[in-house]
Every structure is written in C-alpha cells, then in structure tokens.
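Notes for the one structure printed next.
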Protein chains: 2
Amino acid sequence: MPAPHYGQPRYRVIAAELRRRIESGVIPPGALLPAESVLTVEFRASRGTIRQAIAVLRETALVVTEHGRGTYASPHPLGSRATTGARPETGLREVAADPELAALFAVEVGTALVEQQSIDRTNGVVEAVVRTYRLLRPND
Amino acid sequence: MPAPHYGQPRYRVIAAELRRRIESGVIPPGALLPAESVLTVEFRASRGTIRQAIAVLRETALVVTEHGRGTYASPHPLGSRATTGARPETGLREVAADPELAALFAVEVGTALVEQQSIDRTNGVVEAVVRTYRLLRPND
DNA sequence: AGAAATTTGTCCGTATGTATC
DNA sequence: AGATACATACGGACAAATTTC
C-alpha cells in the first residue's frame, strides 16, 4: 500500500490529532509524548511522517523536543514563570498585538498574545530568530 | 554508499553551493533552478537530500517553489522596493534590529535584518503568525 | 480538447551516524 | 555498555499541478 493522501497530507492529519490531544489535555502540559516508534504503530505511518508531523507542532512551539530524550508538550503557563533574572534567549512572553497582528487574528489592537521565541543555531552561530504569535485562547 | 555525514551534512553543502550560484548571478533572479531530478544527477544525491537542500534556501526566501512548475530564484528586491501598497500577509520585509535581536545576532542596534512573516492557518483560521529574522548576509 | 510528459508533493521502508540517558 | 531518540541519506512509489504536444 503506497501512499494515497486525499485531502490533507498524512503528516498534517497526524499533527492535528496530536495538537488536539495536547490542547484538550489528553497529553498534559510538560508531559512526554509517546515515542516515535509508538506513534508509528498507532498511526501506521513511517518514522519520517511522524517526525514531520511533530515538526509541524514544533514550528508553533506547541511541543519541545530534546535530543536523546524525547518530545514534550509545551507547558503553556503564561502567568507563572519566574525567570532567572537574565532573559532566557528562548521562551514564552506575553505581548500586545500590533495593528498587523491584530488584523490577522481578528482582535483589537493591544490584545494580549503569546509570543514564543526560539533560536536557530548552527555551531553556536545564531542563524535565525523565530517569533511565533498565538492567541491565548484559540477560537477553535 | 550508506549515509555518513561527517562535518557538514550533504544537504547543507548542496544548499551552500546553490546559494552561491544564485548570489553570484550564475542563476539570475527570477530564473528557474534545474529540476530536482537534474540536481540529483549533478550532485549525485538522492531526491530527498536535494529537496532538503532546497528547503534550506526556501527558509531564507532565497527561492520560491511552485507545485508542478519548479523552483525559482527569488527576484531579490530587498533594496529595490516596489511594494504593492497593501502589505501582503506573508512575505519579506526589512526591519531594524531591536536590542534583543541585535544582541542575539551580535550586531548593532538598528542593523537591517530580513523579516520573513508566514501565517499558519487551519480552515482559514489564523492559528499562528511566525516571524523569522535573519541577517542579510549570512556568515556561512 | 485531451493525452502525455515534466515537476514538485507526499509517503514508505530501510540503513547508518550521532547524541543522550 | 546498552537503550532510546534524533539526524541524515538512500531508493522507490503514487499524487497533484503545470506545461507541452
């Protein structure tokens, strides 16, 4: 059985399902996701596909994966966090929507948004800084 | 030939080579890149590896890929203006580095950076807005 | 108008290297 | 050392968009 993919690509369907589990609390914040091998069995997908699905979630900072450990659901505390004083290079922040973001999210200017900043390094050199903005309360 | 990847991964080496050709004008702005099948022959790499290399260039918006057509070298304006007036939801912009970005990239505050904005939608609903910042001149 | 060829998109299975626990 | 997990790479297959004949 080759790889028919009517409508949405398989990895996006899987990503959507995983996201649903995280946002619905089936996979609580901070918890470890099932291993790739487990997911391949459950979704009957290849490793690459599973990894691609997880990559989608990682883009929106919904999960964090640590080399040699696994992939965690991001704790989205948003109100707790007491940092060490020095601002962490990567992390969550609450910011006010600028006019452009407000228009995109269909909210009023100044509405609080969650900003997740992550840094892409290669050999220690900063290649890119990625800032992802989301609503505190998704309108799903 | 298995898949050893000492030092730089092959897809990054290939990406660097393609970037050189684009920036040096061997592949002029707006021109079509060779098809993936052609690149597999030239670089003696699998299609997956070629696609991974192109994905790297796509991240920096150095190329644009269209289904069924091919991958184009971005007509890289970045200094030639000519925007449509209405800001496109997704696209490139040149912005000044705020203090935090300046620190990360090790440049002075106000230095020009490239901002790539993309939008993650599901069923038309804006799920997240991603802004990626990079240096104009990557320090390979 | 329609069929074929081209090209990118997605997926599968497998194998090996590297990093962490 | 051993187990686990991610990163890279290969080859093959079908799907979908576009172009060409």
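Just the heavy atoms: all of them, side chains too, but no hydrogens, waters or symmetry mates, feed the values below. Residue numbering restarts at 1 for every chain, and letters A, B, ... go by the order of the sequence lines.
When the P atom of D/dG11 is taken as reference, atom CZ of B/R44 falls 11 Å away, rounded to whole Å. As a whole-Å value, the separation of A/R51 CZ from D/dA9 C1' is 13 Å. When rounded to the nearest whole Å, the span between CZ of B/R10 and P of C/dG17 equals 15 Å. Rounded to an integer number of Å, the gap from A/I54 CD1 to D/dC6 P is 6 Å. One interatomic measurement links the two molecules: CZ of B/R12 to P of C/dT18, which rounds to 16 Å at whole-angstrom precision. Distance, B/I14 CD1 to D/dC10 P: 7 Å, rounded to whole Å. If you measure from atom CD of A/Q52 to atom P of D/dC6, you get 15 Å, rounded to the nearest angstrom.
Within the 3.5 Å criterion, the main-chain N or O of A/L33 finds no donor-acceptor partner in the side chain of A/R21. Remark: the backbone N or O of B/L62 is paired with a side-chain donor or acceptor of B/S74 at under 3.5 angstrom.
No side-chain heavy atom of A/L39 sits under 4.5 Å from any side-chain heavy atom of A/E36. At a threshold of 4.5 Å between non-hydrogen side-chain atoms, the residues A/V129 and B/T132 do not count as touching.
Salt bridge status for B/D98 with B/R131: absent, with no side-chain N to carboxylate O gap under 4.0 Å.
Within the structure, a side-chain polar atom (N or O) of B/T49 is placed less than 4.0 Å from OP1 or OP2 of D/dC10. Between D/dT8 and B/Y11, a contact under 4.0 Å exists linking OP1 or OP2 to a side-chain N or O. Between A/R47 and the phosphate of C/dC12, there is no side-chain N or O to OP1/OP2 separation shorter than 4.0 Å.
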Hey, what are the protein-to-nucleotides 17-21 of chain D N/O distances that come in under 3.5 Å?
from, atom 1, to, atom 2, distance (Å)
D/dT19, OP1, B/R69, NH1, 2.3

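Both B/V95 and B/L135 sit in one connected hydrophobic cluster of ILVMFWY residues. Membership requires side-chain heavy atoms under 4.5 Å apart, directly or through other members. Linking ILVMFWY side-chain heavy atoms closer than 4.5 Å, directly or via other members, places B/V38 and B/I27 in two distinct hydrophobic clusters. Cluster membership check: B/I54 does not share its hydrophobic cluster with B/V64, using side-chain heavy-atom separations under 4.5 Å among Ile, Leu, Val, Met, Phe, Trp and Tyr.
Of the listed residues (B/I50, B/L57, B/V13), just one forms a side chain to side chain contact (heavy atoms under 4.5 Å, CB included) with B/L18, and that residue is B/L57.
A heavy atom closer than 4.0 Å to some atom of DNA chain C occurs in B/A35, B/E36, these being the qualifying members of residues 32-41 of chain B.
Residue B/G70 is classed as a sugar-phosphate contact, given heavy-atom separations below 4.0 Å to backbone atoms only.
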